[in-house]
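Taking it in order: structure first as structure tokens, then the write-up.
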Amino acid sequence: MISYADIKNDKIINTYIKRADESLTALGYTEHSFAHVGRVAASVEYILSELGYSEHDIELAKIAAHMHDIGNLVNRTDHSQSGAIMSFRILDNMGMPAEDIATVVTAIGNHDEGTGVPVNPIAAALILADKSDVRRTRVRNADVSTFDIHDRVNYSVVSSKLTINREDKSILLDIDIDTRYSSVMEYFEIFLARMVLCRKAAERLGLEFHLSVNSQRLL
């Protein structure tokens, strides 16, 4: 089996991640490089481990997490589909079994809120992990006075944590926002579609999705 460690240490894949993030830097987007994919990989591992999925499934989810944004190398538009096609070619050339490639490619191709659907548990875990990575350190712009709404919202997030409660079969995204930089309404203005997708992803995993902002349950 091609392992997560193999993917994480692959120079070609990491070059694509680096160059894709450089393109997003030029476009003014938040960080989508190794810090992001590392956090997403850790989150999918937590989600699937808590729900009792196999080590094999967890490895595939972590591989999908590491590669999920390489499509930004092509273009931000439809980057999930571009990334899925790129990942198929890379993993096929590495000799990964077709069943495993299908799982990884499906998850990558469905992680974006514009077109994504949590069609399997790996895709669902990737969606939840990706959309919950909201944090101040993803903002590249050092000039607070020139922040756009995306900068303000990400910079305002002091902490963001996913927690699964197996007893009541729920998953909570708990966010603390510094309202000096962004209001809760602004968070929903840019993240509503992502939260709807998270709810669908949680349902695919047999969970109920909840959102708490500044200790107030909103969903």
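The structure displayed is predicted, hence computed values, not measured ones.
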Query - side chain to side chain contact (heavy atoms under 4.5 Å, CB included) between H66 and I17, worked out - result: CA-CA 9 Å; H66 191 74; I17 292 172; 3.4 Å; yes

| message | With a 4.0 Å cut-off on N to O distance, would you call D6 and K8 a salt bridge? | response | no

For residues 34-43, the salt bridge (charged side-chain N to carboxylate O under 4.0 Å, His left out) pairs (sequence neighbours left out) are none

For residues 94-121, the side chain to side chain donor-acceptor pair (under 3.5 Å) pairs (sequence neighbours left out) are H56-D100, D69-H111, H79-H111, Q81-T115, E113-K131, E113-R194

Here the ring-ring contact (aromatic ring centres under 6.0 Å, His included) pairs for residues 188-219, sequence neighbours left out, are Y187-F191

Next on the checklist: Please tell me whether H32 and H68 form a close aromatic pair, meaning their ring centres lie under 6.0 Å apart.
Outcome noted: no

Applied to residues 122-153, the ring-ring contact (aromatic ring centres under 6.0 Å, His included) test, sequence neighbours excluded, yields F147-Y155

(message) With a 4.0 Å cut-off on N to O distance, would you call E50 and R166 a salt bridge?
(response) yes

Residues pairing under ring-ring contact (aromatic ring centres under 6.0 Å, His included) where one sits in residues 160-180, two or more places apart or in two chains, turn out to be none

> For the side chain of E31 and the backbone of H36, is there at least one donor-acceptor N/O pair under 3.5 Å apart?
Replying inline: yes

Point to revise | Any side-chain donor near an acceptor of the partner, T30 and N154, under 3.5 Å | key: no

- Task: Determine whether I2 and I101 fall in the same hydrophobic cluster, where Ile, Leu, Val, Met, Phe, Trp and Tyr are linked whenever their side-chain heavy atoms lie under 4.5 Å apart.
- Result: yes

* So, the side chain of N214 versus the backbone of I177: is there a donor-acceptor pair under 3.5 Å, distance only? -> yes

Original post:
Does R140 come within less than 4.0 Å of D21, counting only side-chain N to carboxylate O?
Top reply: yes

Using the rule given for side-chain hydrogen bond (donor to acceptor under 3.5 Å, both in side chains), can you reason through N72 versus S23, listing the C-alpha separation, both sets of side-chain angles and the distance that settles it, and then say yes or no? CA-CA 7 Å; N72 286 302; S23 294; over 6 Å; no

Sequence neighbours excluded, the answer for side chain to side chain contact (heavy atoms under 4.5 Å, CB included) partners of T146 is N141, D143

